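Below is one structure, written out as structure tokens, with a few remarks after it.
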Number of protein chains: 2
Amino acid sequence: MAVTIKDVAKRAGVNPSTVSRAIRNHATISDKTKEKVKKAMQELGYRQNSAAQMLASGKAGAIGVIFPPVENKSDQPFFMKILTSINEEARDKKITVAIASAHSNEALLSQVQVMYQEKRVDGFIMLYTAQDDAVRDYLLSDKIPFVVIGTPSDRANEITSVDNDNHLLGAEAVQYLVSLGHKKLAFVTNTELGEVYQERYFGFYEKARSLGLTPSLVNSEKKLTIRDVTGLVIMDDILAIKVIQELSEQGISVPDQVSVISFNNSFFASLIHPYLTTFDINVVQLGHRSVQKLAHLLDYPDDFREKVTVPFELKVRESTKAV
Amino acid sequence: MAVTIKDVAKRAGVNPSTVSRAIRNHATISDKTKEKVKKAMQELGYRQNSAAQMLASGKAGAIGVIFPPVENKSDQPFFMKILTSINEEARDKKITVAIASAHSNEALLSQVQVMYQEKRVDGFIMLYTAQDDAVRDYLLSDKIPFVVIGTPSDRANEITSVDNDNHLLGAEAVQYLVSLGHKKLAFVTNTELGEVYQERYFGFYEKARSLGLTPSLVNSEKKLTIRDVTGLVIMDDILAIKVIQELSEQGISVPDQVSVISFNNSFFASLIHPYLTTFDINVVQLGHRSVQKLAHLLDYPDDFREKVTVPFELKVRESTKAV
DNA sequence: CTGAAAGCGCTTACAG
DNA sequence: CTGAAAGCGCTTACAG
């Protein structure tokens, strides 16, 4: 039999309720008693029974991390990285992390519902955003605490979110290329959907225009033609690698003829030469902050929703060069 | 207030204990009663309270997935993939998946201990193997049910494990290259540690010798010189990409002058040309089988430990060519 | 500042 | 085949 709060109480010569209060560091318990209890706990090797605690308190002490309902999560190092940093922060707060992940929207929704209704978790961190997402709508309509990592495409004022400033990211990319002397710039993307694209591209576009340039937009799904452009801002590292290879096949060398700057600073950035000049989006902070925000929401469910912005950092490597 | 087993009992006109038995599909409950209970449950939207169930039954209904105590988990698509497939199978079995992940051995061990001692999980799946690993030793000495994905380097007979046949994998790589007419083969690795390397290399070596060849071993940490070799077997996709790039810088073209075959069939295999000929190690099956094995162990803790082997499949792409 | 008691929502011998 | 009761190990008003 595991040692319970009763055993500790007996050993410390107090009532079980006092032990409970001492453990939770109640202000009303005297320091002397807390000491006695702590000592007894250590001597007996006491450990809370989470089930009992959950049942009595109505709190799970756990949060769920919701992955996007897509097949290829493993292609993006982002997900493992963010999961690791979420887990790190959660551990410090004595919160357990559980996983919700499925291939379809329906399966994902049902998993999230079950987790919550069975009281296995107190709230969620969503790792994706999507228009009219059923999971998000469920969380919202049932007033379940959650935070999203990323920028909600709608109902943003009802949602607490943690993200980089993607607009600024786009602008800073322009800034850096211009500082290297580049004047003909293009933004390369393989998708024109989503907040991330929107923000990064508009940041890029507006900054370039404000500097008197006439930037262009290239969709990499079509044949890649860059004419006299010398500075490329590319949606993410993976796409950057592919674009660099395609340019190389066209006899165009990066960075000698064209400079490339991308986003994420993932593992791909230092996989093959030229190593990428890319923005580190600070995934560790994204994870930590999201846990902090969720923990806060759990304690104060009626607080205002808010948007948290995490700083980024440019990593200069081999894919950019002054003209 | 959420609806409880009592509410269901009242509605169905039976005792709460009967509802409990009906839910768990006890053989002693009549079909008629089960029907009544099921109907009442649906009408009321009943959902089990996991905390109460855990407390009363002593079972957590959850398993922990233990990640290796390293920084760069996110570089390997394997981890996200295996986590997804574990979660998939667990969901089907109504098991929740929780995460244990840390940067140091000590932190990881303590997280695992807390999870188990607080009864948050019933057992674990370890995603790595290492000699004299403290986590594994703890699980073993406290007789905690667990399965490892991979091949234990020692105490293998005390551990249930799920893995590919790495020895066969090495041999099959030789087989395929030889079938294309290659006779001068080399095995390329960046580590000479670990079961995976050992098995794959010995499989490679023995097969090559048995075919009358004199294979060589190349450590990619040193300068890459392959002389007259035309067939390369490379430890994993990432290393293969790097080696191909290095060869290309030396003016050696893959697959025209040298064929390359690697392992894992990760995202990297189809990232840039030449796309890799590589073995798919069937991560989905690895995940599913490990959950099945663990679930079995949970029910029959005294069953023999065993090793489960999951089949693999060769994916032929662009990096290999007949001589 | 602390104790005694009720209760959280299940499961599971025990009885019949 | 089903019911009544005890108990799992905590938390938290309520009292003092």
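Throughout, protein chains are lettered first and strands after them, A, B, ... in sequence-line order, and every chain is numbered starting at 1. In this text, all values refer to a predicted model and were calculated from it rather than measured experimentally.
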Check whether any side-chain N or O of A/Q53 sits under 4.0 Å from OP1 or OP2 of D/dG9, and answer yes or no.
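So the side-chain polar atoms of A/Q53 never come under 4.0 Å of the phosphate oxygens OP1 or OP2 of D/dG9.
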Within the pair A/T18 and C/dG3, is there a side-chain N or O less than 4.0 Å away from OP1 or OP2?
yes
Could you work out, with ring pair (Phe, Tyr, Trp, His ring centres under 6.0 Å) as the rule, every residue matching A/F78, not counting sequence neighbours?
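Residues passing ring pair (Phe, Tyr, Trp, His ring centres under 6.0 Å) with A/F78: none at all.
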Within the structure shown, what part of the strands sits under 4.0 Å from [X] by heavy-atom distance: base, sugar-phosphate, or nothing?
| X | value |
| --- | --- |
| A/T28 | base |
| A/S50 | nothing |
| A/T4 | sugar-phosphate |

Of the candidate nucleotides [options], which contains the atom at the shortest distance from the side chain of [X]?
| X | options | answer |
| --- | --- | --- |
| B/A52 | D/dG9, D/dG3, C/dC10 | C/dC10 |
| A/S57 | C/dC1, C/dT12, D/dT11 | D/dT11 |
| B/V14 | D/dC1, C/dG9, D/dG3 | D/dG3 |

Spacing between [X] atom [atom1] and [N] atom [atom2], to the nearest angstrom:
| X | N | atom1 | atom2 | value |
| --- | --- | --- | --- | --- |
| A/I29 | D/dT12 | CD1 | P | 13 Å |
| A/M41 | D/dG9 | CE | P | 16 Å |
| B/N15 | C/dG9 | CG | P | 17 Å |
| A/R47 | D/dG9 | CZ | P | 16 Å |
| B/K10 | C/dG9 | NZ | P | 13 Å |
| B/K36 | D/dG3 | NZ | C1' | 13 Å |
| A/K32 | C/dC1 | NZ | P | 11 Å |
| A/E118 | C/dG9 | CD | C1' | 13 Å |

Please list, chain by chain and in numerical order, all residues satisfying salt bridge (charged side-chain N to carboxylate O under 4.0 Å, His left out) with A/E89, sequence neighbours excluded.
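Applying salt bridge (charged side-chain N to carboxylate O under 4.0 Å, His left out) to A/E89 gives A/K93.
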Partners passing salt bridge (charged side-chain N to carboxylate O under 4.0 Å, His left out) against A/D92 (at least two apart in sequence or in another chain):
none
Please determine, by modelled atom types, if A/T33 and A/S30 share a side-chain donor-acceptor pair under 3.5 angstrom.
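Side chains of A/T33 and A/S30: pair found under 3.5 Å.
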State whether a side-chain donor-acceptor pair under 3.5 Å links A/S161 with A/D163.
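Short answer, no.
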Check B/V121 against B/A98 and note the closest heavy-atom contact, atom names and distance.
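So the minimum-distance heavy-atom pair works out to CG1-CB, 4.3 Å.
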Pick the nucleotide of DNA chain C nearest each of A/P16 and B/A51; which residue has the one closer to the 5' end?
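Nearest nucleotide further toward 5': that of A/P16.
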Judged by each residue's nearest nucleotide on DNA chain C, which is more toward the 5′ side, B/R24 or B/N49?
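It is B/N49 whose nearest nucleotide is closer to the 5' end.
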With DNA chain D as reference, determine whether B/A56 or B/T33 sits nearer its 5' end, using the nearest nucleotide of each.
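In this pair, the answer is B/T33.
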Do the charged groups of A/E35 and A/K39 touch, with an N to O distance under 4.0 Å?
no
Please write out the pairs of protein N or O atoms and N or O atoms of nucleotides 13-16 of chain C separated by less than 3.5 Å, giving the distance to one decimal.
unit_1, atom_1, unit_2, atom_2, d
C/dA13, N6, B/R21, NH2, 2.3

My understanding is that only residues two or more places apart in sequence, or in another chain, count here; which of them pass side-chain contact (heavy atoms from CB on, under 4.5 Å) with A/S141?
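A/S141 satisfies side-chain contact (heavy atoms from CB on, under 4.5 Å) with no other residue.
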May I have the step-by-step check of side-chain contact (heavy atoms from CB on, under 4.5 Å) for A/F124 and A/I144, ending in yes or no?
CA-CA 8 Å; A/F124 295 92; A/I144 298 168; 4.0 Å; yes
For DNA chain C, the expected dot-bracket line (Watson-Crick or G-U under 3.5 Å, [ ] crossing, | inter-strand) is |||.||||||||.|||
Go through the steps to decide whether A/D302 and A/K143 satisfy the test salt bridge (Lys or Arg N to Asp or Glu O under 4.0 Å), and finish with yes or no.
CA-CA 10 Å; A/D302 296 325; A/K143 302 197 188 312; over 6 Å; no
